[in-house]
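Nothing fancy with the numbering, it's 1 onward along the sequence.
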Amino acid sequence: SHKSSKREWKPLEEHSCTDVPWLLLFILFCVGMGFICGFSIATGAAARLLSGYDSYGNICGQKNVKVEGIVNSGLDFTHKKYVFFLDPCNIDLVHQKIKSIALCVSACPRTELKTLADVQKFAETNGSTLCSYELQPTEYTTDPRAAKLCPKYPVPESAPIPFFHRCAPVNISCYAKFAEALITFVSDSSVLHRLISGVMTSKEIIMGLCLLSLVLSMILMVIIRYISRVLVWIVTILVVLGSLGGTGVLWWLYVKQRLSASGLETQIAKDNLQALLIYAIAATVFTVILLLIMLIMRKRVALTIALFHVAGKVFIHLPLLVFQPFWTFFVLILFWTYWIAVLLFLGTTGKHPVPNEEGFVEFQMAGPLKYMWWYHVVGLIWISEFILACQQMTVAGAVVTYYFTREKRNLPFTPILASVNRLVCYHLGTVAKGSFIITIVKIPRMILMYIHTQLKGKENACARCMLKACICCLWCLEKCLTYLNQNAYTATAINSTNFCTSAKDAFVILVENALRVAAINTVGDFMLFLGKVLIVCSTGLAGVMLLNYQRDYTIWVLPLIIVCLFAFLVAHCFLSIYEMVVDVLFLCFAIDTKYNDGSPGREFYMDKVLMEFVENSRKSMKEAGRGGGAEGRELKPMVGADEE
């Protein structure tokens, strides 16, 4: 089996295309997305969305076709480019639309019009008639129908929304009801006003602090390799002290209560005492288990430290890795913008004008068009996951190239670009398949979450509990699959095998090193979490110091929250790349130790730091009496690779 094991992992020897059928399927799917976009624009949705239409089915700014059975339809509005609502503040929150007659007008009222006489004057001077088409400007003040067919006064000062040709009131307090429905706590619009003005006055500080969080994240990426050992010890000490301290306090409280209330008067006091006893026992058990785990893991923590050290070196050799989150974020933003634009088109697409009971036109969806929405939503998830998976594959490819190149001088000029090139030429199908698997798990979870929000307050506790459990299970499954996918991409980058083969190979390696995987994921993730906390805290602290200078005239709670959220996002993006690099390095290390043993002709590929770790492990193994202890069994694959 020695030959077969050598055949299994051939780092970077040859490249072949993987999962081509899946790539074709993905391309077909994207063509379908493009078709939806083209169709919605072709059916006049774009014109209706951008130019707007009135209550009689006329599109503003063009000549219209007559709709059967509707008065005032089929008018020529070449000069009337703006949509004006007679009662713009009457918002129907259930159907998410403005309950008001809409008209096409040639200009929005730029000043407040208090009476009908003002409206008439506006029509005569500006040539923009704000009442319904049946009334002539001269009849505004005399005709009894004016009460219904003219705007509700006072008519608020309004301005056209850029690109969308709708007249919108300038003073937002009109939409206060709308905002209240969205944000219940801002019933007092002055609070909202103060908060927003606070953000506006300190926008330079906010920008500066956001920049600071970026810089801090970059510095942390470089520093983390030097402080990883210290960090691990700090974490260990904190966890030990925390768990011991917590347990001690609980027992102390229990004893104190027991002594103070020797003759327990009330039932409540008894219950409290019992609860304390249960908590104390639980905490003791937890602490003992935790300390045992730390005792077992202590040797494996050394590997985490070594990997973090090597990851730091990777970033120095491949500085472009740091910019990976920016590209991904940029592409995602572009795709989401496109998706939302098409969503808006779909909202007004292929609808047939149908008269409603009030004699106005409503547009309704016809037949199979209803199902386009679903296709579009699946597209959002699949393509977003595809973009994220491309990032994982690119990082994996670059790190694998770095690891399995013996002479670092012979690295390609930019391993990242070489990796992107490899991804585009050979492995897009694998990425499409991996992202599709995640999509399949994500969609049922989203449907269940939607049902859960819809049923709030209607269903019984049992059903709610079941739903919660299902959502939770799906979430766990999704997380496990994401982790496995990432290792599968690494295996694909090493071997150029199909997704399923790669996933199987990677899974076997991970199971063989289960304890180490646990150590790296717990200790490593906790270190990175500490890094995030560090960045958020330092940015927040700087924010408090700076914003403190303008505390007299601004509320600085909101700016601070914005800054901290931004800092967390930035830190998360950067450190998630770090986490990816560590995971890829670990898989490479595990493969390296499985198939090479340092003898001539089978030299290790690994870095000096990792080599030291292997040497130390071997020494400790010999001391443990040739594989007597658990550590010996754990490291067996490394030494015993010859006998396979």
| task | Identify whether NZ of Lys or CZ of Arg in R406 sits under 6.0 Å from the centre of the six-membered ring of Y605 and within 45° of that ring's axis. | result | yes
With a 6.0 Å cut-off (strictly less than), is the heavy-atom count around [atom1] of [X], excluding the residue itself, greater than 12?
| X | atom1 | value |
| --- | --- | --- |
| Y483 | OH | yes |
| Y338 | OH | yes |
| H376 | NE2 | yes |
| M611 | CE | yes |
| M218 | CE | yes |
| Y375 | OH | yes |

Once rounded to the nearest 0.5 Å, what's the spacing between atom [atom1] of [X] and atom [atom2] of [Y]?
| X | Y | atom1 | atom2 | value |
| --- | --- | --- | --- | --- |
| E612 | S617 | CD | OG | 11.5 Å |
| K532 | L530 | NZ | CG | 11.0 Å |
| L320 | L417 | CG | CG | 6.5 Å |
| N485 | M393 | CG | CE | 10.5 Å |
| L448 | C472 | CG | SG | 12.0 Å |

No-hydrogen, no-angle side-chain donor-acceptor test under 3.5 Å, [X] and [Y]:
| X | Y | value |
| --- | --- | --- |
| S384 | W336 | yes |
| S502 | T492 | yes |
| S16 | S496 | no |
| S599 | D597 | yes |
| N498 | T18 | no |

| task | Report yes or no: does Y489 contribute a side-chain atom to a donor-acceptor pair with the main-chain N or O of T394 at less than 3.5 Å? | result | no
| query | For H427, does its backbone N or O pair with a side-chain atom of R422 as donor and acceptor, under 3.5 Å? | reply |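 No, the answer is negative, given that no donor and acceptor are paired below the 3.5 Å cut-off.
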| query | Taking the six-membered ring for Trp, are the ring centroids of F26 and W382 within less than 6.0 Å of each other? | reply | yes
| Proximity of F589 and Y403 rings by center, below 6.0 Å | no
| query | Under 4.5 Å between any side-chain heavy atoms of L332 and L388, yes or no? | reply |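 Contact flag for L332/L388 side chains = yes.
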| task | Considering non-hydrogen atoms only, spot the tightest contact between G540 and C564 and give its length. | result |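 Heavy atoms of G540 and C564 come nearest at CA-SG, 4.0 Å.
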| field | Selection residues 566-575 - residue pairs positive for salt bridge (charged side-chain N to carboxylate O under 4.0 Å, His left out), sequence neighbours left out | value |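 Sorted pair list comes back empty.
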| What residues form a salt bridge (Lys or Arg N to Asp or Glu O under 4.0 Å) with D607, not counting sequence neighbours? |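 Listed in chain order: K313.
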| field | Listed partners of W475 passing side chain to side chain donor-acceptor pair (under 3.5 Å), at least two apart | value |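 With sequence neighbours excluded, W475 shows a side chain to side chain donor-acceptor pair (under 3.5 Å) to no residue whatsoever.
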| field | By side chain to side chain donor-acceptor pair (under 3.5 Å) - contacts of E385 (at least two apart) | value |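 In terms of side chain to side chain donor-acceptor pair (under 3.5 Å), with neighbours along the sequence ignored, E385 is linked to K442.
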| message | The criterion is side-chain contact (heavy atoms from CB on, under 4.5 Å); which residues satisfy it with I440, sequence neighbours excluded? | response |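 Here the qualifying residues are F436.
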| said: List the residues meeting side-chain contact (heavy atoms from CB on, under 4.5 Å) with S538, not counting sequence neighbours, and say none if there are none. | reply: L216
